[in-house]
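Accompanying notes for the structure given below.
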Amino acid sequence: MMKIAITGKGGVGKTTLSALLAQAFADMGRQVLAVDADPSPCLAGALGFPDALRKQLHPIAEMDDLIEERTGAKPGMVGGFFTINPRVDDIPERFSVLHRDVRLLEMGSVDIGGSGCICPESAMLKTLFTHLLFRKDDVLILDMYAGVEHLGRATVDFVDAMLVVVEPTRRSLGTAAQIKKLANDIGLDRLWLVGNKVRNAEEISFLTTETPGMPLLGTLPADLAVQEADRLGESVYDYVPALHQAAVSMAKTLVTELDKT
Ligand SMILES: Nc1ncnc2c1ncn2[C@@H]1O[C@H](COP(=O)(O)OP(=O)(O)O)[C@@H](O)[C@H]1O
Ligand SMILES: [Mg+2]
């Protein structure tokens with residue numbers, strides 16, 4: 001079992017990497033659950049899910065009726081009574097879709113840390129998130145929208161690896177160092193760096209020498225075909241061979257380094 005959280009600043013390539021790794025693990029014969037925790041979900045697109053399946057997906061965070069049914073209160077309500085540990089065990093199967101051995105669940109914006117409001121939707125999402133981490137999925141890929149401040153202490157024990165996606169710039173590595181500090185503060189020290197949009201050997205060596213105290217899992221080349229795939233509704237994994245290869249090699253490394261069967 002492997003639970004992998006993918007973090008990094010907006011636009012660095014978290015969703016691209018999540019899609020690539022999810023499909024790489026699925027093609028290795030693994031059962032993959034991919035979770036899109038972005039308020040504007042786009043992992044289904046990066047995975048090349050067909051339109052008919054995408055239409056079936058809705059972020060759990062936006063399912064007001066479901067949240068009310070499970071917590072006993074309408075979303076948006078502050079104060080008053082609601083269940084803080086609603087039933088969620090049926091949600092992954094019921095609201096996810098499966099395509100080419102990748103099961104995808106859209107959660108929507110998740111505020112897992114302590115800072116979230118005390119309201120029905122946050123109770124629902126926190127409980128669901130914890131449930132996902134407890135589940136015995138073969139491979140769990142979490143496409144995290146925001147940083148690790150959204151990962152509560154309790155979840156740390158269940159995340160096997162956190163991948164921090166960076167671009168080969170000093171600024172991006174500075175952000176990665178901040179993420180590392182926040183992660184270490186909550187006790188998470190199984191961190192890896194993944195370089196994305198890498199254009200040449202200098203940029204690779206920059207990432208290997210300036211790494212902010214994290215091993216470099218691998219790099220993904222900059223490739224205009226990534227945007228093209230998005231425009232055409234194709235999966236990056238199928239459409240961009242260089243990224244496909246890089247992802248397969250990262251997936252293999254992850255299996256060697258941290259798989260506990
Ligand atoms: N290796 C790459 N080469 C070229 N463009 C890329 C690459 N990786 C990601 N992109 C582009 O960068 C943008 C942000 O990628 P995305 O994976 O959505 O980032 P995030 O999920 O971190 O916000 C998208 O337009 C995507 O097509
Ligand atoms: Mg994203």
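First listed ligand is number 1; within each ligand, the first listed atom is number 1. It should be emphasised that the depicted structure is a prediction, and the values quoted were computed from it without experimental measurement.
In this structure, Phe134 and Phe158 have tilted ring planes: the angle between them lies in the 30° to 60° band.
Residue Gly13 has at least one nitrogen or oxygen atom sitting less than 3.5 Å from a nitrogen or oxygen atom of ligand 1, judged on distance alone. For the pair Asp143 and ligand 1, the shortest N or O to N or O distance does not fall below 3.5 Å. Between Gly11 and ligand 1, at least one pair of N/O atoms sits closer than 3.5 Å.
Nearest-residue assignment for atom 18 (O) of ligand 1 (options Thr15, Leu220, Asp36, Leu43; heavy-atom criterion): Thr15.
Only the backbone of Pro221 comes within contact range of ligand 1, with a heavy atom under 4.0 Å; no side-chain atom does. Looking at Val165 against ligand 1, nothing comes within 4.0 Å, counting heavy atoms.
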Side-chain donor-acceptor contacts of residues 74-84 below 3.5 Å, not counting sequence neighbours, with atom names and distances?
residue	atom	partner	partner atom	Å
Lys74	NZ	Glu68	OE1	3.2
Thr83	OG1	Thr71	O	3.3

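Screening Asp65, Leu128, Val88, Ile91 for a side-chain contact (heavy atoms from CB on, under 4.5 Å) involving Arg70 leaves a single residue, Ile91.
Under a 4.0 angstrom heavy-atom cut-off, Asp230 registers as lying outside contact with ligand 1.
For atom 6 (C) of ligand 1, the closest non-hydrogen atom of the protein is Val226 CG1, 3.7 Å. Atom 13 (C) of ligand 1 has Lys197 NZ, 4.0 Å as its closest protein atom, hydrogens excluded (heavy atom only). Among all protein heavy atoms, the one lying closest to atom 5 (N) of ligand 1 is Gln227 OE1, 3.0 Å. Distance from atom 3 (N) of ligand 1 to its nearest protein heavy atom, with residue and atom name: Asp223 N, 2.9 Å. Scanning all protein heavy atoms for the shortest distance to atom 8 (N) of ligand 1 gives Asn196 ND2, 2.9 Å. With respect to atom 17 (O) of ligand 1, the closest heavy atom belonging to the protein is Thr16 OG1, 2.6 Å.
Atoms of ligand 1 lying under 4.0 Å from any heavy atom of Lys14, numbered from 1 in the order shown and given with element: 17 (O), 19 (O), 20 (P), 21 (O), 22 (O), 23 (O). Every atom of ligand 1 is numbered from 1 in the order shown, and the set under 4.0 Å from a heavy atom of Lys9 is 22 (O). Atoms of ligand 1 found under 4.0 Å from any heavy atom of Ala222 (numbered from 1 in listed order, with element): 1 (N), 3 (N).
Contact detail for Asp137 and Met1: the closest heavy-atom pair is O-CG, 2.9 Å. Minimum heavy-atom separation, Trp192 to Glu257: CH2-CG, 3.5 Å. Between Leu43 and Leu104, the shortest heavy-atom contact is CD2-CD1, 3.6 Å.
Contacts of Gln56 classified as side-chain contact (heavy atoms from CB on, under 4.5 Å), with partners at least two apart in sequence or in another chain: Leu53, Val97. Every residue two or more places apart in sequence or in another chain that forms a salt bridge (Lys or Arg N to Asp or Glu O under 4.0 Å) with Lys181 is listed here: Asp185.
Taken together through direct or relayed side-chain contacts under 4.5 Å among Ile, Leu, Val, Met, Phe, Trp and Tyr, Ile204 and Met214 form part of one hydrophobic cluster. Leu66 and Leu105 fall within a single hydrophobic cluster, where Ile, Leu, Val, Met, Phe, Trp and Tyr are joined by side-chain heavy atoms under 4.5 Å apart, directly or via other members.
Heavy atoms of other residues, nucleotides or ligands lying less than 6.0 angstrom from NZ of Lys3 number more than 12. Within a 6.0 Å sphere centred on CZ of Arg199, heavy atoms belonging to other residues, nucleotides or ligands number 12 at most.
Side-chain contact, Asp143 with Thr15: a donor N or O sits under 3.5 Å from an acceptor N or O.
In this structure, Lys252 NZ and Met28 CE are separated by 7.0 Å, a value rounded to the nearest 0.5 Å.
Among protein atoms, those of element N, O or S found less than 2.8 Å away from the Mg ion (ligand 2) are Thr15 OG1.
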